[in-house]
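Notes to accompany the following structure.
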Amino acid sequence: MGDVRVRFAPSPTGYLHVGGARTALYNWLFARHHGGKFLLRIEDTDVKRSTPEMTDNILKSLEWLGLTWDEELVYQSQRLEIYREVAKELVNKGLAYYCYTPEGESECIEVAPEEAEGKKVAIKFRVPKSERIEFTDLIRGHIVFEGKDIKDFVIMKSDGYPTYQLAVVVDDHSMGITHVIRGEDHIPNTPKQILIYRAMGWELPQFAHLPMILGPDKKKLSKRHGAVSVLEYRRQGYLSEALFNFLALLGWSPGEDREIVPKDEMISLFDIKKVGKRAAVFDMQKLNWINSVYIRMKTDDELLELLRPFFSEVGVTDDEAIRKLIPLYKERARTLRDFVELSRYFFEDVTEYDEKGVKKHFKRPLEVASRLETCLSELEKLENWTAQDIEGVVRGVAESLDVSAAKLIHPIRLSITGMTFGPGLFELMEALGKETVLNRLRRAIEWLKMRGAQDTPE
RNA sequence: GGCCCCGUCGUCUAAUGGCUAGGAUCCCGCUCUUUCAAGGCGGUGGCACGGGUUCGAAUCCCGUCGGGGCCA
């Protein structure tokens with residue numbers, strides 16, 4: 001397939017959501033696979049609802065996903081004259097007509113060109129009722145529409161702006177688009193557009209209609225389903241590669257049971273004909289899994305870069321502080337945000353102990369306090385504050401007290417983090433630092449003694 | 001309402017008309033382990049339904065039902 005040219009044509013009336021992103025992604029993969037061009041067109045003819053902010057959001061989203069485009073952006077708002085000329089040409093050919101809506105009426109009526117002068121008229125395309133319009137969709141195969149089922153449709157509104165149907169065809173033609181890859185919701189538009197191509201004597205592109213993306217309730221994905229904006233996923237701590245991988249697999253499979261597929265391999269494996277036909281539900285759990293896989297594939301240095309903005313949001317700007325957390329949480333985090341959430345006790349005091357943890361590990365307060373005191377005094381003596389040596393001390397204390405190491409480990413964890421789970425305790429203690437650990441142990445011992453005094457005066 | 005698209009585990013998907021319908025995720029066990037996670041092992045779970053074609057159907061055809069989309 002030579003000289004493939006595809007495009008993504010969002011309208012800047014909203015941010016880029018994951019459905020649009022997936023359409024862009026498939027266009028991009030198709031272009032890259034065939035060594036063709038991926039173009040971008042901003043469909044901003046809805047002047048009232050289009051904003052530069054949204055255009056910005058869309059471009060940022062695409063950049064973040066690595067969906068680089070070729071050639072310059074096309075803005076429909078700068079091409080209004082061309083649409084008007086084409087519409088006029090269709091009228092001249094008798095294939096479209098002026099349509100006037102009298103005051104108070106909802107339907108317009110055809111008027112002759114002479115009569116149209118000075119009136120606010122729309123232009124409608126005259127659908128040949130006896131014709132059959134068919135095309136072969138790259139994904140769905142042969143699709144047939146009957147002309148009689150299609151009503152004459154507006155191509156130019158009375159305010160002088162083109163409708164979607166006209167603008168798409170004119171632009172796709174003048175941009176030399178060879179393959180129109182878009183959402184399934186455009187299937188009913190296709191025959192109308194084909195009629196315009198025919199009327200103008202333009203060569204038809206190939207069409208491929210992608211399945212929809214649904215929410216968990218199987219309804220078309222929308223704001224109601226929570227985060228749908230691409231940049232929102234970035235904010236939530238998803239990696240660009242992970243969202244890319246996830247979206248690519250939503251409706252397409254590279255075969256051979258592949259799940260984690262790097263971008264370059266994706267390009268060589270991508271085949272539009274293997275895209276599925278059925279709508280796919282956006283499954284956050286799978287995204288989370290893919291994200292966690294990509295997090296684990298990152299080097300610590302790469303993660304440091306990625307984590308900076310998330311930590312600075314909570315006031316942590318010390319690289320070294322972040323760096324030492326990375327190995328601790330790398331295989332426990334599903335999102336970048338998790339690093340921050342899971343390591344709170346590094347930056348905040350422990351003010352309370354997990355309720356279930358207290359029941360389990362602080363059950364006999366005085367007994368636990370005394371064990372912790374032994375640990376405390378041994379740890380105070382420890383010069384070389386490394387995970388290995390800390391472990392030696394703790395296990396040594398366990399042995400001398402004749403209790404299992406777990407009897408010390410769990411209470412220590414609860415004391416120094418307030419939580420019952422987390423990274424390996426000794427690495428955690430090393431990372432927290434001697435002073436912090438000792439202080440938190442002292443505080444826990446005090447807490448336990450108070451608790452023991454009021455609890456059970458046996 | 002008219003037209004169009006679609007229907008394989010809960011979810012994402014694989015399966016030239018031919019082995020006990022495969023993988024991933026989720027969930028549940030077991031294992032490893034100081035906990036959690038990661039890892040390893042195992043398990044529950046699916047061809048929407050009914051006809052036909054065929055030696056043989058998830059796969060082809062028809063119908064029903066269900067879901068979705070566009071237009072009104």
Side-chain angles (χ1 to χ4, degrees), chain A residues 19 22 106-107 127 133-135 137 139-154 164-165 182-193 207 209-221 245-261 274-293 295-297 327-334 338-339 342 354 356-357 360-361 387 390-391 394-395 398 403-414 416-417 419-429:
Chain A
R22 201 263 250 127
S106 59
E107 294 233 343
V127 175
I133 303 108
E134 39 199 328
F135 63 99
D137 189 287
I139 293 168
R140 280 149 217 281
H142 197 226
I143 298 178
V144 184
F145 288 87
E146 299 294 339
K148 66 175 168 54
D149 294 326
I150 304 171
K151 294 185 179 148
D152 289 358
F153 55 93
V154 177
Y164 168 76
Q165 313 290 2
R182 65 211 326 185
E184 178 184 18
D185 44 342
H186 286 293
I187 293 177
N189 289 328
T190 307
K192 298 178 185 175
Q193 292 163 17
F207 292 97
H209 288 96
L210 271 20
M212 303 266 85
I213 297 182
L214 274 26
D217 56 356
K218 308 232 179 175
K219 296 273 196 265
K220 192 174 172 177
L221 199 63
N245 194 145
F246 173 71
L247 253 21
L249 260 43
L250 211 53
W252 171 71
S253 164
E256 294 177 10
D257 298 333
R258 299 290 305 276
E259 300 285 342
I260 303 296
V261 187
K274 289 181 79 176
V275 171
K277 297 181 179 75
R278 61 198 269 240
V281 173
F282 190 93
D283 181 11
M284 281 299 288
Q285 290 186 314
K286 187 137 185 181
L287 207 212
N288 284 334
W289 173 72
I290 290 182
N291 205 51
S292 74
V293 172
I295 285 177
R296 274 176 265 135
M297 293 194 312
L328 260 30
Y329 298 99
K330 193 171 178 174
E331 60 182 31
R332 293 176 170 78
R334 293 178 312 171
D338 279 352
F339 280 86
L342 294 172
D354 176 80
K356 278 186 192 147
K360 209 168 174 185
H361 307 302
I390 296 167
E391 176 159 14
V394 174
R395 292 199 188 276
V403 294
S404 69
K407 287 273 187 244
L408 298 177
I409 287 170
H410 294 302
I412 293 174
R413 177 186 299 285
L414 191 58
I416 65 175
T417 69
M419 292 163 47
T420 58
F421 61 90
L425 184 72
F426 309 113
E427 289 74 24
L428 184 61
M429 288 168 79

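Please read these numbers as outputs of a predicted model, since none were measured by experiment.
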Categorize [X] for me: base, sugar-phosphate, or nothing, with a 4.0 angstrom heavy-atom threshold over every strand shown.
{"X": "Ala406(A)", "value": "nothing"}
{"X": "Gly251(A)", "value": "sugar-phosphate"}
{"X": "Gly255(A)", "value": "nothing"}
{"X": "Pro423(A)", "value": "base"}
{"X": "Arg296(A)", "value": "sugar-phosphate"}

Considering only atom [atom1], compute the distance from [N] to [M] and round it to an integer number of Å.
{"N": "U64(B)", "M": "G2(B)", "atom1": "P", "result": "13 Å"}
{"N": "U11(B)", "M": "C19(B)", "atom1": "C1'", "result": "28 Å"}
{"N": "G45(B)", "M": "C61(B)", "atom1": "P", "result": "31 Å"}
{"N": "G40(B)", "M": "U25(B)", "atom1": "P", "result": "9 Å"}
{"N": "A14(B)", "M": "A72(B)", "atom1": "P", "result": "35 Å"}
{"N": "U34(B)", "M": "C27(B)", "atom1": "P", "result": "24 Å"}
{"N": "G29(B)", "M": "G69(B)", "atom1": "P", "result": "38 Å"}
{"N": "C3(B)", "M": "G46(B)", "atom1": "C1'", "result": "32 Å"}

Is any side-chain heavy atom of [X] closer than 4.5 Å to a side-chain heavy atom of [Y]?
{"X": "Phe421(A)", "Y": "Asp354(A)", "value": "no"}
{"X": "Trp289(A)", "Y": "Ile260(A)", "value": "yes"}
{"X": "Leu247(A)", "Y": "Arg22(A)", "value": "yes"}
{"X": "Thr420(A)", "Y": "Lys356(A)", "value": "no"}
{"X": "Ile409(A)", "Y": "Phe426(A)", "value": "yes"}
{"X": "Leu249(A)", "Y": "Glu259(A)", "value": "yes"}
{"X": "Leu425(A)", "Y": "Ile416(A)", "value": "yes"}
{"X": "Leu414(A)", "Y": "Lys360(A)", "value": "no"}

Next on the checklist: Side chain of Val281(A), heavy atoms from C-beta onward: which of A14(B), U11(B), G10(B) has the nearest atom to it?
Outcome noted: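 Looking only at heavy atoms from C-beta outward on Val281(A), the closest nucleotide is U11(B).
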Checklist entry - To the side chain of Arg332(A), which of U25(B), C70(B), C36(B) is closest? => result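 So the nucleotide nearest the side chain must be C36(B).
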What is the distance from [atom1] of [X] to [atom2] of [N], rounded to the nearest Å?
{"X": "Phe421(A)", "N": "U33(B)", "atom1": "CZ", "atom2": "C1'", "answer": "17 Å"}
{"X": "Tyr164(A)", "N": "C71(B)", "atom1": "OH", "atom2": "P", "answer": "11 Å"}
{"X": "Trp289(A)", "N": "U13(B)", "atom1": "CH2", "atom2": "P", "answer": "15 Å"}
{"X": "Ile260(A)", "N": "C12(B)", "atom1": "CD1", "atom2": "P", "answer": "17 Å"}
{"X": "Met212(A)", "N": "G7(B)", "atom1": "CE", "atom2": "P", "answer": "15 Å"}
{"X": "Arg334(A)", "N": "C26(B)", "atom1": "CZ", "atom2": "C1'", "answer": "12 Å"}
{"X": "Phe339(A)", "N": "C36(B)", "atom1": "CZ", "atom2": "C1'", "answer": "15 Å"}
{"X": "Leu425(A)", "N": "U34(B)", "atom1": "CG", "atom2": "P", "answer": "11 Å"}

Checklist entry - Asp185(A) or Leu250(A): which one's nearest nucleotide on RNA chain B is closer to the 5' end? => result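 Its nucleotide being nearer the 5' end, the pick is Leu250(A).
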Next on the checklist: I want to confirm an ordering. Mapping Asn189(A) and Ala405(A) to their closest nucleotides on RNA chain B, which one lands closer to the 5' end?
Outcome noted: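 Closer to the 5' end of RNA chain B: Ala405(A).
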Next on the checklist: Please verify the inter-ring angle class for His186(A) with Tyr164(A); under 30° counts as parallel, over 60° as perpendicular, anything in between as tilted.
Outcome noted: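 If you compare the ring of His186(A) with that of Tyr164(A), the planes turn out parallel.
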Checklist entry - Does any nucleotide pair with G1(B) by Watson-Crick or G-U wobble geometry, both distances under 3.5 Å, and what is it? => result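 Its partner is C71(B) (Watson-Crick or G-U wobble, both distances under 3.5 Å).
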Checklist entry - Is there a Watson-Crick or G-U wobble partner for U8(B) with both distances under 3.5 Å, and if so, which one is it? => result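 Paired with no nucleotide.
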Checklist entry - How does protein contact run along nucleotides 1-6 of chain B, one letter per nucleotide 5' to 3', with B for base contact, S for sugar-phosphate only, - for none, heavy atoms under 4.0 Å? => result --SSBS
Item to check | Base of A24(B) paired with side chain of Lys286(A) (donor-acceptor, under 3.5 Å) | outcome: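 Pair found.
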Next on the checklist: At less than 4.0 Å, is any side-chain N or O atom of Arg395(A) found next to OP1 or OP2 of U34(B)? Yes or no.
Outcome noted: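 Result: yes.
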